[in-house]
Amino acid sequence: MIEMNHLTKKYGNHVAVDDLSLTVEPGRIYGFLGPNGAGKSTTMNMVTGYLGATSGEVKINGFDILKQPEEAKKCIGYLPEIPPLYVDMTVKEYLDFAAELKEIDRADRRQYVDEAMEMTKITDMKDRLIKNLSKGYRQRVGLAQAVLGYPEVIILDEPTVGLDPKQIIEMRELIKKLGEKHTVILSSHILSEVREVCDYIFIISKGKLVANDTTENLLEKVEKNHRELEILLRGDAEAASGLLKQVDFIEEIETAEGKEEDTTLLKVKTAADTDIRNQIIKILVEANVELLEIRSAGKSLEDIFLELTEQKGELL
Ligand SMILES: Nc1ncnc2c1ncn2[C@@H]1O[C@H](COP(=O)(O)OP(=O)(O)OP(=O)(O)O)[C@@H](O)[C@H]1O
């Protein structure tokens, strides 16, 4: 288990991480989501002991990362945003070296290194020099280093940045597989990635936590809270709007000018869990309104993410 309590990091006057408190329970894949500069890397570096906090604390399985670093670090495997690879070593040499640094028993080293290579699918590359590997394979070598020794928690900082689409898919599959045996924290600025891979999401903006829930709950909240239809029509919008105001389940109607001449866009908010498109079409057609288009325009998770990262939102 990882606990962050009132974690704060200041660079001069700039507060990069601002009083962050959160708990990571075993057995899940957590997404640490935020736009560039939100403070993700700074947080990951404090959690893994690479950077001291200005104030607050991090505990890994009860061990303080700064006061009991050896015990705490044994529980974590870390793939930083830029993995510190020794490019003149072969893959196997590098992992042997990493195993030595992690103080894995000499007797277990070969087996652990083999298993880490197997898990990250780089066994075929074991005698290649790291400098001759593609970016995707280098990233996997970094990942093999992180999983080496079976730490309980694997922390990955933007592991798909710079990879091509095929490598991204492969890396995401690998992360999901890791989640079967480890607790994983995945830092990313890509919402779709976090949604696809993680069961729990922390959203961070300007160093602060702005949302904190299971992926399922966040998606559900979004769907429930924001059902919106856009109706494009030509002609008497006021009359149309008046008719729709009589319909049950319609909570709010906003009117805007359409792009084409003499058209109006009605933005209609409806109650959750209702689909009244059919009813609306019937009413408007019967009233001879020239209906040009009707479509769902509810807020997506992307919209919510953008709102939350601009200002403190309602999902927390
Ligand atoms: N060593 C440093 N000195 C001064 N400011 C820093 C330093 N490292 C980070 N910052 C600033 O702290 C803020 C948070 O940076 P951080 O790298 O943690 O964000 P991030 O969410 O990981 O973003 P990215 O994905 O772009 O790395 C940014 O405004 C950044 O400019």
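Note that the structure is a prediction, hence the values are computed from the model and not measured. One-based numbering, in listed order, for ligands and for the atoms of each. Numbering starts at 1 and runs along the sequence shown.
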Between [Y] and [X], is there a salt bridge with N-O shorter than 4.0 Å?
X    : Y    : answer
D88  : K131 : yes
E260 : R234 : yes
D96  : K92  : yes
K177 : E173 : no

Practice problem: Measure the acute angle between the ring planes of Y94 and Y86, then classify it against the limits of 30° and 60° as parallel, tilted or perpendicular. | Solution: tilted
Among protein heavy atoms, which lies nearest [atom], and at what distance?
atom                    : value
atom 25 (O) of ligand 1 : N36 OD1, 3.3 Å
atom 19 (O) of ligand 1 : G39 N, 3.1 Å
atom 17 (O) of ligand 1 : S41 CB, 3.7 Å
atom 16 (P) of ligand 1 : T42 OG1, 3.6 Å
atom 1 (N) of ligand 1  : Y11 CE2, 3.6 Å

Self-check item: side chain to side chain donor-acceptor pair (under 3.5 Å) partner of Y200, chosen from T215, D213, N217, N212
Solution: N212
Quiz item: Which residue from P35, G37, S205 reaches closest to atom 13 (C) of ligand 1 through any of its heavy atoms?
Solution: G37
Quiz item: Could you state the interatomic distance from NZ (K121) to OG1 (T123), rounded to the nearest 0.5 Å?
Solution: 10.5 Å
Quiz item: Looking only at N/O atoms, are A16 and ligand 1 under 3.5 Å apart anywhere?
Solution: no
Quiz item: Is the shortest N/O to N/O distance between K40 and ligand 1 below 3.5 Å?
Solution: yes
Quiz item: Any idea which part of H14 is under 4.0 Å from ligand 1, heavy-atom wise: side chain, backbone, both or neither?
Solution: side chain
Practice problem: Could you establish whether M44 and ligand 1 come within less than 4.0 Å of each other, counting only heavy atoms on the residue side? | Solution: no
Quiz prompt | Within 6.0 angstrom of E216 CD, more than 12 heavy atoms from elsewhere | solution = no
Self-check item: Atom indices of ligand 1, in the order listed, that fall short of 4.0 Å to a heavy atom of A38
Solution: 19 (O), 20 (P), 21 (O)
Quiz item: Counting from 1, what ligand 1 atoms have a heavy atom of E158 closer than 4.0 Å?
Solution: 25 (O)
Quiz item: Is at least one protein non-hydrogen atom found at under 4.0 angstrom from atom 30 (C) of ligand 1?
Solution: no
Quiz prompt | pair I65-I76: side-chain heavy atoms closer than 4.5 Å | solution = yes
